[in-house]
Visitor: 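Attaching a single structure in structure tokens format; questions to follow.
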Amino acid sequence: METLGRVWNRLSIRRPTIATPEPVEEEDDMTPEKTREVFQMFNGTPTRRKSESAHHHREILNQMENHQPRNATQSPKRQPRISESSMDTPGSSLRRNSTETHVFANRAHLHSDINVPACSSEDDRISTIRRNSLFVKRGSVTMEPIKKVDLEAVYTVNKQLGTGRFGYIKLAEHKQSKHRIAIKFFPRPQTKQTDFVREYNYSFFLSPHQNIIDTYEGMFQSSDDTAYFFVQEFCPRASLREAVEATNQAGIGEANTKKVFAAVLSAIEFMHDENLVHRNLKAENILIFDANDYSKVKVTDFGLTRKVDTTVKYLEYVNNYHAAELCDTVVNEKLVVNKSTDIWALGIIFFYCMKGKFPWQKASIMCKPYWEWEQWLKRKNPALPKKFNPFSEKALKLFKKSLTPRFKDRWSAKDMRKCLVKEKLLKSVKKPDEDYYVMIDTSTKSRPSAASTSNGENQEGAAGGAPATGERKQKSTLQQWISTTLTAMAEISEQVVSARDD
Ligand SMILES: Nc1ncnc2c1ncn2[C@@H]1O[C@H](COP(=O)(O)OP(=O)(O)OP(=O)(O)O)[C@@H](O)[C@H]1O
């Protein structure tokens, strides 16, 4: 699993700190005063002494000198970030940061205009510095301006890739560079600027993780004022939902499920380590980049992402992935954001990958399939619901520890990963001739063969160990006899048919 620490280490830089603000209620309007107030909550006091800061600055420069050149396919944001020390300088704050942003904005204007990954090393450096801004590090507010862009002049916007409650995603080509990208639009005036800015910031901040969709720098607004938008890498294949639906309720199989979950759990562990909860995990928000082997899988859609312990108002309609406590909530009821809602959704996605369908429509006792599961979980009914029968003991444990209404009992993403990576998820299926072997086994117990008495192997077989050689011989003789008899019967029936025709 790649933790945030490891990602930053991979980038050869010191891990940034993310200030945890006081809970923010998300439905508030973001007036300029409110924006400043929220920003101040993220604007912690620097603790590092000046001498330490200078030393650290040298360290970063040394690391940069020793850093291997990137290859062309790597994302620009995986560069080491050279302005790391700016956050440590006493007195660094809004003013300092905005100066820095301004300086680099002038130099980076070309790329923020075209809004695709920068290509040259200088551009990479600029992009990296901007990503390193305090605004991004501090988590969820930015005061960078939203730039107006004439969409048609810059992009050729093509087909719609998907749509959601808050906006829609379109495939586009950047005219100048010919890059294919995905543009996420948020219609105005329905979308509050705060919501757009928050989603952009979380998407951009989380981008360095290899299993999270890349979001390119810049917040934009169409010149006709109809939508806000930002730009992401384009996934040329499908979402997990489409991949599973294509199996016709067969599921994608144990091996592919393990691959998907290794990627998804790595991303979610990364978020949870940063005290962020995705809150909208579903198969539609897991993108599969590779059609055949599930080797590149990324999580997307950070529109509902919030810090742990934030108080939010419940505005959702219930979906298949919602945990029991959410299904019992009424609209406008206040909720405290908790990592365990992601764990429940992961349990549902696991079932969906393996079986090709959902375990229930709604996690409420009014829904019979869920009620049956809960009865079994609470030991009120000893019979496990049939749909869980194919799963191994370990997989059942995973369900018990994710799809439990007692949210404090739910596993962490790390526990889930350990179980999913190491354990067998399905009960072993009996081979077709296993029953036959049992038949031979019982019959031979009363009639030990010469071979079994001479070398003692049959005693091992009869005691329930590996099949004895004598029995195997006997089994193959019987198989030969059956096949000879069947061939003879086929020949006889052919003769009978031809005699009748004559
Ligand atoms: N980068 C991308 N490349 C290709 N397709 C994408 C990309 N991002 C999203 N999609 C498709 O668009 C759909 C909607 O995207 P997304 O979930 O980001 O929108 P949303 O409005 O936030 O939806 P929701 O209702 O889940 O909040 C996804 O399910 C996916 O199929």
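Each residue takes its place number in the sequence, starting with 1. Remember, predicted model here, so these are calculated numbers, not experimental data.
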Visitor: Check this for me: Lys175, atom NZ, are more than 12 non-hydrogen atoms of other residues, nucleotides or ligands nearer than 6.0 Å?
Guide: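 Counting other residues, nucleotides and ligands, NZ of Lys175 exceeds 12 neighbours.
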Visitor: Please evaluate residues Lys258 and Val421 with respect to the criterion side-chain contact (heavy atoms from CB on, under 4.5 Å), reporting the C-alpha separation (whole Å), side-chain torsions for both, the decisive distance (0.1 Å), and the verdict.
Guide: CA-CA 6 Å; Lys258 282 188 171 204; Val421 170; over 6 Å; no
Visitor: In Å, rounded to the nearest 0.5 Å, how long is the span from CZ of Phe270 to CG of Leu276?
Guide: 9.0 Å
Visitor: Ignoring hydrogens and geometry, is there a side-chain-to-backbone donor-acceptor pair from Asp415 to Trp411 under 3.5 Å?
Guide: no
Visitor: Could you give the distance from CZ (Phe289) to CG (Asn211), rounded to the nearest 0.5 Å?
Guide: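 With rounding to 0.5 Å, CZ (Phe289) is 10.0 Å from CG (Asn211).
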Visitor: Taking salt bridge (Lys or Arg N to Asp or Glu O under 4.0 Å) as the test, write out the residues that go with Lys378, two or more places apart.
Guide: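 Result, salt bridge (Lys or Arg N to Asp or Glu O under 4.0 Å) vs Lys378: Glu374.
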Visitor: Evaluate the side-chain proximity of Ile268 to Met271: yes if any heavy-atom separation is below 4.5 Å, no if none is.
Guide: yes
Visitor: Checking Asn280 now: which residues fulfil side chain to side chain contact (heavy atoms under 4.5 Å, CB included) with it, not counting sequence neighbours?
Guide: Arg165, His278, Lys282, Asn285, Asp301, Leu304
Visitor: Please step through side-chain contact (heavy atoms from CB on, under 4.5 Å) for the pair Lys159 and Leu161, ending with a clear verdict.
Guide: CA-CA 6 Å; Lys159 66 172 181 177; Leu161 296 168; 4.0 Å; yes
Visitor: On the ring face of Phe229, is Lys184 found with NZ or CZ under 6.0 Å from the centre and within 45° of the axis?
Guide: no
Visitor: Any chance you could measure Asn256, atom CG, to Ser295, atom OG, to the nearest 0.5 Å?
Guide: 10.5 Å
Visitor: Taking only residues two or more places apart in sequence, or in another chain, which ones meet Ser223 in a side chain to side chain contact (heavy atoms under 4.5 Å, CB included)?
Guide: Asp150
Visitor: Of all heavy-atom pairs between Ala182 and Phe234, which one has the smallest distance, and what is that distance?
Guide: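 Here Ala182 and Phe234 meet closest at N-CB, 4.0 Å.
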Visitor: Quick check: does any side chain N or O of Thr257 sit under 3.5 Å from a backbone N or O of Gly253, one acting as donor and the other as acceptor?
Guide: yes
Visitor: For Arg306, is there any backbone N or O sitting under 3.5 Å from a side-chain donor or acceptor partner on Thr310?
Guide: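 Pair absent, no side-chain N/O of Thr310 close to backbone of Arg306.
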Visitor: Taking it one step at a time, do Arg279 and Val312 satisfy side-chain contact (heavy atoms from CB on, under 4.5 Å)?
Guide: CA-CA 11 Å; Arg279 294 181 65 229; Val312 294; 3.6 Å; yes
Visitor: Return the set of residues passing side chain to side chain donor-acceptor pair (under 3.5 Å) with Gln375 (not counting sequence neighbours), or none when no residue passes.
Guide: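 In terms of side chain to side chain donor-acceptor pair (under 3.5 Å), with neighbours along the sequence ignored, Gln375 is linked to no residue.
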Visitor: Please report, to 0.1 Å, the donor-acceptor pairs under 3.5 Å made by any side chain of residues 390-397, with sequence neighbours excluded.
Guide:
from, atom 1, to, atom 2, distance (Å)
Ser392, OG, Ala395, N, 3.2
Ser392, OG, Lys424, O, 2.5
Ser392, OG, Leu425, O, 3.4

Visitor: Suppose we screen for side chain to side chain donor-acceptor pair (under 3.5 Å). Which residues come up paired with Ser239, at least two apart in sequence or across chains?
Guide: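 Ser239: side chain to side chain donor-acceptor pair (under 3.5 Å) contacts with Glu242.
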Visitor: Is a side-chain donor or acceptor of Tyr321 paired with a backbone partner of Ala283 at a separation under 3.5 angstrom?
Guide: yes
Visitor: Taking the ring centre of each residue, are Phe230 and Phe186 less than 6.0 Å apart?
Guide: yes
Visitor: Working to the nearest 0.5 angstrom, can you tell me the gap between Thr215 OG1 and Glu233 CD?
Guide: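 Reported value, rounded in 0.5 Å steps: 8.0 Å.
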Visitor: Partners of Lys148 by side chain to side chain donor-acceptor pair (under 3.5 Å), sequence neighbours excluded?
Guide: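 For Lys148 the side chain to side chain donor-acceptor pair (under 3.5 Å) partners, ignoring immediate neighbours, are Asp225.
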Visitor: Specify the closest pair of heavy atoms between Ile213 and Ser207, including all atoms of both residues, with the distance to one decimal.
Guide: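 Smallest interatomic distance, heavy atoms only, reads O-OG, 3.4 Å.
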Visitor: Assign the ring pair Phe388 / Phe399 to parallel, tilted or perpendicular, where the plane angle (0 to 90°) is split at 30° and 60°.
Guide: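 Aromatic pair Phe388/Phe399 classed perpendicular.
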Visitor: Just by distance, do the side chain of Tyr228 and the backbone of Met219 share a donor-acceptor pair under 3.5 Å?
Guide: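 No, Tyr228 side chain to Met219 backbone: no donor-acceptor pair under 3.5 Å.
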Visitor: Report yes if some heavy atom in the side chain of Ser402 is under 4.5 Å from a heavy atom in the side chain of Met416; otherwise report no.
Guide: yes
Visitor: Under 4.0 Å between a side-chain nitrogen and a carboxylate oxygen: does that hold for Arg198 and Asp195?
Guide: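 The answer is yes: the pair qualifies as a salt bridge.
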Visitor: Less than 4.5 Å apart, any side-chain heavy atom of Lys334 and any of Thr311?
Guide: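 Yes, at least one pair of side-chain atoms sits under 4.5 Å.
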Visitor: Can you name the residues that form a side chain to side chain donor-acceptor pair (under 3.5 Å) with Asn338, not counting sequence neighbours?
Guide: Ser340
Visitor: Got a second to check how far Ile348's CD1 is from Asn320's CG, nearest 0.5 Å?
Guide: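 Here the interatomic distance stands at 7.5 Å.
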Visitor: Find out whether Ile183 and Leu151 are in side-chain contact, i.e. whether some heavy atom of one side chain is under 4.5 Å from a heavy atom of the other.
Guide: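 In short, these two side chains touch, coming nearer than 4.5 Å.
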Visitor: Give a yes or no answer on whether the side chain of Trp344 reaches the backbone of His322 with a donor-acceptor pair at less than 3.5 Å.
Guide: yes
Visitor: CG/Asn381 to CH2/Trp376 distance, rounded to the nearest 0.5 angstrom?
Guide: 10.5 Å
Visitor: Mind running salt bridge (Lys or Arg N to Asp or Glu O under 4.0 Å) on Glu423 and Lys418 for me, showing each step along the way?
Guide: CA-CA 8 Å; Glu423 308 295 349; Lys418 276 193 217 152; over 6 Å; no
Visitor: Are Glu199 and Thr305 side-chain neighbours, meaning at least one heavy-atom pair lies under 4.5 Å?
Guide: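 They are not in contact (no side-chain heavy atoms under 4.5 Å apart), so the answer is no.
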Visitor: State, yes or no, whether a side-chain contact exists between Leu326 and Leu335 at a heavy-atom distance under 4.5 Å.
Guide: yes
Visitor: Compare every heavy atom of Asp290 with every heavy atom of Arg237, then report the nearest pair and how far apart it is.
Guide: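 Smallest heavy-atom distance, with atoms named: CG-N, 3.9 Å.
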Visitor: Taking the side chain as everything from C-beta on, heavy atoms only, tell me whether Val197 gets closer than 4.5 Å to Ile146.
Guide: yes
Visitor: For Lys296, check salt bridge (Lys or Arg N to Asp or Glu O under 4.0 Å) against everything at least two apart and list the hits.
Guide: none
Visitor: Return the set of residues passing side chain to side chain contact (heavy atoms under 4.5 Å, CB included) with Asn158 (not counting sequence neighbours), or none when no residue passes.
Guide: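 For Asn158 the side chain to side chain contact (heavy atoms under 4.5 Å, CB included) partners, ignoring immediate neighbours, are Thr156, Leu171.
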Visitor: Any idea which heavy atoms bring Tyr294 and Ile252 closest together, and the distance?
Guide: OH-CG2, 3.3 Å
Visitor: Donor-acceptor pairs under 3.5 Å, side chain of residues 351-366 to any protein atom, not counting sequence neighbours: which ones?
Guide:
from, atom 1, to, atom 2, distance (Å)
Tyr352, OH, Arg241, NE, 3.3
Tyr352, OH, Glu245, OE2, 2.4
Lys355, NZ, Lys387, O, 3.1
Ser364, OG, Met366, N, 3.1

Visitor: Any donor-acceptor pair under 3.5 Å linking the side chain of Thr191 with the backbone of Arg188?
Guide: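 No, because the side chain of Thr191 does not come within donor-acceptor range (under 3.5 Å) of the backbone of Arg188.
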Visitor: Given 3.5 Å as the limit, does a donor-acceptor pair link the side chain of His179 with the main chain of Ile181, or not?
Guide: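 Side chain of His179 to backbone of Ile181: no pair is present.
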Visitor: Among all residues two or more places apart in sequence or in another chain, which pass the side chain to side chain contact (heavy atoms under 4.5 Å, CB included) test with Thr404?
Guide: Leu377, Arg406, Asp409, Arg410
Visitor: Can you tell which of Val277, Leu346, Leu281 makes a side-chain contact (heavy atoms from CB on, under 4.5 Å) with Thr341?
Guide: Val277
Visitor: Indicate yes or no: at least one non-hydrogen side-chain atom of Tyr370 is less than 4.5 angstrom from one of Pro405.
Guide: yes
Visitor: Ala267 and Ile212: which non-hydrogen atoms are nearest, and at how many Å?
Guide: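 Looking at all heavy atoms of both residues, the shortest contact is CB-CG1, 3.8 Å.
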Visitor: If you measure only the distance, is there a donor-acceptor pair under 3.5 Å linking the side chains of His272 and Ser412?
Guide: no
Visitor: Taking 4.0 angstrom as the limit, do Arg417 and Glu269 come out as a salt bridge?
Guide: yes
